Amino acid sequence: MAKDPWMVPVATLRRTPGASRRELRVGRIGRLEVADTVVGEDSEARADVVLCSLDSGIEVSGTVAATWQGHCRRCLVEVEGPVETEVRELYRQRRRRETPDEDEETYPLDSEMLDLRPLVRDALLLELPLAPLCREDCAGLCVDCGANLNEGPCACGHPNWPEG
Ligand SMILES: [Zn+2]
Ligand SMILES: [Zn+2]
């Protein structure tokens, strides 16, 4: 089985508060879906981050990116585009008495490995476009005949302009 690209060894880093290390990781992140927009099972995501060892845990900051696919909300053609977003999150070892509720702003950390996957998935999910357009001035479909008005006026003579 291939090595999981999202698992980062952090034992050395954790022993050296103040130290930091850059990690560039690329791999499948699993299917992400918001409304009709998806990052497919087979598409690759990328994380370019710096891990910084703090007394309280490890801060991960940098950018994550992927490619999404969807359909234009006006003319329904397939569209795809890039999603890229900045992240800055803390991974922290949970104390035994803590409940997940008190700790929901951070990601879990154990002494050996840090799992970037939940951070990358969360960040991408927040940035996926809910209602993408094939282009800003997409004219959409004729409400009567269904013609794609980007290809010109249809036979019913509807004006060739976006419905909004
Ligand atoms: Zn369109
Ligand atoms: Zn028409």
Side-chain angles (χ1 to χ4, degrees), residues 1-10 20-52 57-92 100-101 103-109 113-164:
M1 193 178 134
K3 222 176 111 194
D4 186 333
W6 306 111
M7 296 301 282
V8 181
V10 291
S20 62
R21 195 173 77 222
R22 185 175 173 208
E23 292 283 345
L24 181 59
R25 299 292 177 122
V26 176
R28 293 180 185 181
I29 197 66
R31 185 180 172 86
L32 298 169
E33 185 167 4
V34 175
D36 184 37
T37 304
V38 302
V39 172
E41 191 70 47
D42 290 331
S43 64
E44 293 202 318
R46 177 172 55 82
D48 184 355
V49 292
V50 171
L51 275 58
C52 186
I58 290 182
E59 186 187 69
V60 177
S61 60
T63 58
V64 302
T67 301
W68 54 262
Q69 277 103 29
H71 291 90
C72 174
R73 72 169 181 261
R74 288 189 196 138
C75 73
L76 311 180
V77 298
E78 286 184 21
V79 287
E80 67 170 45
V83 51
E84 178 168 318
T85 184
E86 298 203 349
V87 294
R88 179 180 293 273
E89 301 290 345
L90 185 65
Y91 280 73
R92 194 155 73 87
D101 262 9
D103 209 12
E104 63 185 7
E105 299 299 314
T106 66
Y107 292 96
L109 183 65
M113 295 297 251
L114 181 152
D115 184 2
L116 287 173
R117 184 182 299 266
L119 177 153
V120 172
R121 287 181 60 87
D122 289 353
L124 292 175
L125 269 176
L126 285 174
E127 287 296 314
L128 288 181
L130 292 173
L133 285 171
C134 62
R135 58 178 211 232
E136 277 306 310
D137 62 349
C138 171
L141 302 178
C142 170
V143 290
D144 292 324
C145 73
N148 186 339
L149 297 175
N150 294 311
E151 293 161 7
C154 63
C156 358
H158 277 286
N160 187 6
W161 58 280
E163 289 166 39

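Nothing here was measured: the structure is a model prediction, and the numbers come from that model. Atoms within each ligand, like the ligands themselves, are counted from 1 in listed order. Reckoned from all heavy atoms, side chains included, excluding hydrogens, waters and symmetry mates.
In this view, V34 and L125, L128, L130 satisfy the side chain to side chain contact (heavy atoms under 4.5 Å, CB included) rule, not counting sequence neighbours. Applying the side-chain hydrogen bond (donor to acceptor under 3.5 Å, both in side chains) criterion to E59, with sequence neighbours excluded, gives R88.
The Zn ion (ligand 2) forms the vertex of an angle spanning SG of C142 and SG of C145; to the nearest 10 degrees it equals 110°.
At least one side-chain heavy atom of M113 sits under 4.5 Å from a side-chain heavy atom of P9. Counting heavy atoms from C-beta on, the side chains of E89 and D122 never come closer than 4.5 Å.
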Under 3.5 Å, side-chain donor or acceptor atoms of residues 38-52 against the rest of the protein: list the pairs with distances, not counting sequence neighbours.
residue, atom, partner, partner atom, Å
D42, OD1, R28, NH1, 3.4
S43, OG, G40, N, 3.3
S43, OG, G40, O, 3.1
D48, OD1, R22, NE, 2.8
D48, OD1, R22, NH2, 3.0
D48, OD2, R22, NH2, 2.7

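Residues Y91 and D115 come closest through the heavy atom pair OH-O, 2.8 Å.
Screening the protein for N, O or S atoms under 2.8 Å from the Zn ion (ligand 1) yields 4; no waters enter the count.
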